[in-house]
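Single-structure report; data block below.
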There are 2 protein chains.
Amino acid sequence: MVTIYDIAKKTGFSTTTVSKALNNYSDVSEKTRQKILQAVEDMGYLPNAHAQSLSTKKSWTIGVMFAEDNEVGMKHPFFSAIIESFRKNAEREGYDLIFASRNLRNRDISYLEHFSYRGVDGIVVICSDSQDPQVQEMINSTIPIVVIDMNNQNCSLVYSDNIEGGKLAVNYLHSLGHTKIAHIAGDPSTDAGAERIKGYNKAMNDLKLPIPEGYLINGGLFSINEGKEAMEKLLLLDDVPTAVFVAGDHMAIGAIEVIKEKGLRVPEDISIIGYDDIEMAAYITPKLTTIKQDTDMIGFQAAQLLMNQILQKKKLVVSKKIPVELIIRESCSKKEN
Amino acid sequence: MVTIYDIAKKTGFSTTTVSKALNNYSDVSEKTRQKILQAVEDMGYLPNAHAQSLSTKKSWTIGVMFAEDNEVGMKHPFFSAIIESFRKNAEREGYDLIFASRNLRNRDISYLEHFSYRGVDGIVVICSDSQDPQVQEMINSTIPIVVIDMNNQNCSLVYSDNIEGGKLAVNYLHSLGHTKIAHIAGDPSTDAGAERIKGYNKAMNDLKLPIPEGYLINGGLFSINEGKEAMEKLLLLDDVPTAVFVAGDHMAIGAIEVIKEKGLRVPEDISIIGYDDIEMAAYITPKLTTIKQDTDMIGFQAAQLLMNQILQKKKLVVSKKIPVELIIRESCSKKEN
DNA sequence: CTCTTTATCGAAAGCGCTTTCGTTAATTGG
DNA sequence: CCAATTAACGAAAGCGCTTTCGATAAAGAG
């Protein structure tokens with residue numbers, strides 16, 4: 001490994017001057033700077049990130065924490081899309097992402113501890129559970145942080161306009177003539193789930209539509225299987241809804257599966273609208289009508305918010321609410337009477 | 001930030017002894033070790049990864065490089081599934097993953113340079129293009145490396161048994177009575193594509209089935225759109241195949257789309273078998289019959305191979321061929337009459 | 001009781017880099 | 001021509017930790 005000491009020796013200058021030349025200090029003449037840069041080139045010198053970070057207290061890394069409750073990790077299409085967007089934007093600013101765990105040399109430590117150990121400049125968390133103590137600990141620390149997919153935390157936040165999304169879904173269904181509209185909700189322990197419920201309730205109210213017993217059903221944590229279970233219950237109702245707004249595409253897919261299994265048709269018998277617009281949505285049958293979350297924008301804004309805090313060297317509490325969009329495909333149709 | 005110096009002062013020992021106590025050296029008495037650990041607990045001491053790495057030349061990090069040609073990055077379901085599995089296994093051994101880019105403080109550097117700068121202990125690359133110069137550079141470096149999804153490189157490799165997969169697909173189709181079997185291939189510049197073609201050819205040969213002009217068509221880099229384009233060409237043939245083996249699920253989905261658009265049915269008119277078994281495969285209509293790649297095992301073996309090299313402090317050239325599995329769903333049917 | 005082991009600890013150097021502060025030489029101003 | 005700037009550079013300390021090697025004291029051997 002070639003160090004600044006090596007290139008100092010080669011050029012005849014001190015390590016101080018070499019370091020300064022490399023960091024664009026003004027008190028090094030252009031001539032010597034060129035000489036040094038030439039030597040750097042010739043000898044294939046590369047700085048050592050660890051030494052640099054140790055000295056400057058800045059690591060140019062961002063720690064990322066994923067929801068850990070479910071087993072999917074970065075396999076989740078919605079989360080991975082956001083992270084991919086975040087990564088691109090962070091990279092452009094010169095930051096690398098580091099995925100840490102709770103395992104430090106076989107000792108169990110918290111995420112915050114691990115990130116402190118790594119000396120990250122900031123943290124991004126994508127986590128649905130708004131009560132997660134690990135997340136709270138990080139929010140209360142001094143490390144800049146941005147959390148995605150939560151509302152109402154004492155830190156910088158980026159989230160979709162879930163209330164509006166819920167309204168959008170219900171209003172669209174209503175515009176097709178539906179009045180018996182059910183909602184397979186995301187668990188209210190997740191802010192996303194809770195807000196979509198609010199949107200659903202608000203829209204139903206504004207439309208003066210009744211929400212019969214059983215029409216608002218907790219689908220849990222957004223998995224296909226939970227969507228199935230919820231839909232089965234809905235199908236058992238005396239007055240089966242003609243349309244259902246499902247709080248996540250995966251659950252919607254599950255719902256559609258059971259509807260088909262029961263010999264019913266989507267959308268002819270029951271209209272289904274999902275939420276997220278994951279890749280799969282456009283390719284299942286029928287193609288899923290859904291509320292699209294702008295993952296590119298979410299990742300971008302999250303990166304912005306975090307960079308800002310790092311730059312200003314202090315935690316900022318800023319919220320960005322990202323608009324959602326109704327994507328009309330084939331899983332909803334006019335109510336036949 | 002509390003350092004070993006702080007806890008040395010508090011306990012009355014030297015930093016040397018503190019460090020030794022923390023690293024389980026034998027020449028520190030049990031009594032003082034306990035005192036020190038107590039102080040560590042009380043003061044909330046955490047080691048500093050940068051200082052540690054600088055001193056020990058070991059960073060407990062693994063660099064990951066993703067195929068960069070396509071825009072999907074970690075959104076790709078197959079790649080992200082592998083990385084997720086790799087991550088879990090690496091974490092268990094105490095390693096963190098770091099995603100680096102080619103941007104170092106706005107200077108364009110190679111992946112190898114970036115990983116050197118970061119001082120990673122090893123590199124994992126998931127990249128289809130077997131000729132990528134960036135990858136070659138890393139393979140030729142001294143850093144332990146494992147590359148996934150390539151054959152025939154001078155380094156440790158983990159890949160699916162693609163030849164066998166190709167045979168499996170063809171033989172299954174043949175067992176259903178099909179003889180006019182086409183192949184929408186992955187680009188031969190990718191080892192995966194090339195090997196699946198080999199498997200297809202071999203199986204067709206063994207079965208003494210002809211491969212008419214146009215039956216072997218290059219689908220490109222595995223995207224849905226490329227699958228569509230390829231299928232359209234197949235449909236233009238004088239003698240349209242009754243079954244097609246598609247080298248990737250995404251392409252297969254595209255193929256199915258165009259078949260439907262043309263008013264034909266899957267599998268009644270044309271049977272389709274895919275490759276990968278991405279999540280979506282089980283939920284499209286018809287549910288996609290496919291060759292499943294064992295992403296969990298691939299990630300696991302890759303981690304093992306890399307850990308071994310790191311442990312032994314030298315590059316090893318070991319290949320792991322991971323078995324694939326035929327997943328029968330609904331997109332293939334018996335050849336009528 | 002003297003000599004060798006063994007157990008326990010610390011001084012100091014070093015990892016590669018940054019940054020403060022001082023020094024020297026060259027330049028400017030009057 | 002002399003004093004005051006300014007330009008260009010380097011010594012040295014420090015970031016937090018590890019590791020070698022030596023020192024001391026206690027224990028064991030004969």
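Lettering follows sequence order; numbering is per chain, from 1.
Distance from the side chain of B/S55 is smallest for D/dC17 among the nucleotides C/dT18, D/dC15, D/dC17. Closest approach to the A/T16 side chain among D/dC17, C/dG10, C/dT20 is made by C/dT20 (side chain taken as heavy atoms from C-beta onward). Closest to the side chain of A/L54, from the set C/dT20, C/dG16, D/dC9, is C/dG16. Comparing D/dC17, D/dC9, C/dG16 against the side chain of A/A51 picks out C/dG16 as the nearest.
If you measure from atom CG of A/L46 to atom P of C/dC17, you get 10 Å, rounded to the nearest angstrom. Protein atom NE2 of A/H50 is 17 Å distant from nucleotide atom C1' of C/dT18, rounded to whole Å. In this structure, CE of A/M43 is placed 13 Å from P of C/dG16, rounded to the nearest angstrom. If you take CG of B/N24 and C1' of C/dT8, they are 16 Å apart, rounded to a whole angstrom. With rounding to whole Å, A/I36 atom CD1 is found 13 Å from D/dA8 atom P. Between the CG atom of A/D6 and the P atom of C/dG14 there is a distance of 15 Å, rounded to whole Å. Distance A/K58 NZ to C/dG16 P: 23 Å, rounded to the nearest Å. Between the CG atom of B/N48 and the C1' atom of D/dT18 there is a distance of 13 Å, rounded to whole Å.
Within the 4.0 Å cut-off from OP1 or OP2 of D/dG10, at least one side-chain nitrogen or oxygen of A/S14 is found. For C/dT18, one of the phosphate oxygens OP1 or OP2 lies less than 4.0 angstrom from a side-chain nitrogen or oxygen of A/N23. Under 4.0 angstrom from either OP1 or OP2 of C/dT18 there lies at least one side-chain N or O belonging to A/S19. The side chain of A/K57 places an N or O atom within less than 4.0 Å of a non-bridging phosphate oxygen (OP1 or OP2) of D/dG16. Side-chain nitrogen and oxygen atoms of B/Q52 include none within less than 4.0 Å of the OP1 or OP2 phosphate oxygen of D/dG16. Of the side-chain N and O atoms in A/S29, one or more sit less than 4.0 angstrom from OP1 or OP2 of D/dC9. Considering only side-chain N and O atoms, B/T17 lies under 4.0 angstrom from the phosphate OP1 or OP2 of C/dG10. Between A/T56 and the phosphate of D/dC15, there is no side-chain N or O to OP1/OP2 separation shorter than 4.0 Å. Within the 4.0 Å cut-off from OP1 or OP2 of D/dC9, at least one side-chain nitrogen or oxygen of A/T32 is found. Residue B/Y117 places no side-chain N or O under 4.0 Å from the OP1 or OP2 atom of C/dG16.
Note on B/Y5: nothing from the nucleic acid sits closer than 4.0 angstrom, heavy atoms only. In this structure, B/G12 reaches the sugar-phosphate backbone alone: every heavy-atom distance under 4.0 Å involves primed, P, OP1 or OP2 atoms, never a base. Among the protein residues, B/D27 comes within range of the nucleic acid bases, having at least one heavy atom under 4.0 Å from a base atom.
Defined by atom type and a distance below 3.5 Å, a donor-acceptor pair is present between the side-chain atoms of B/D42 and B/Q38. With 3.5 Å as the limit, one finds no donor-acceptor pair spanning the side chains of B/Q131 and B/Q136.
Interatomic distance, B/D149 CG to B/S160 OG, rounded to the nearest 0.5 Å: 7.0 Å.
Counting heavy atoms from C-beta outward, B/Q309 and B/V317 have side chains that stay 4.5 Å or more apart.
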Could you go step by step and tell me if A/D187 and A/S189 meet the side chain to side chain donor-acceptor pair (under 3.5 Å) rule?
CA-CA 5 Å; A/D187 196 285; A/S189 74; 2.9 Å; yes
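The nearest heavy atom of DNA chain C to A/Y45 and to A/K20 marks one nucleotide each, and the one closer to the 5' end goes with A/Y45.
Closest non-hydrogen pair, A/I139 versus A/I145, comes out as N-CD1, 4.1 Å.
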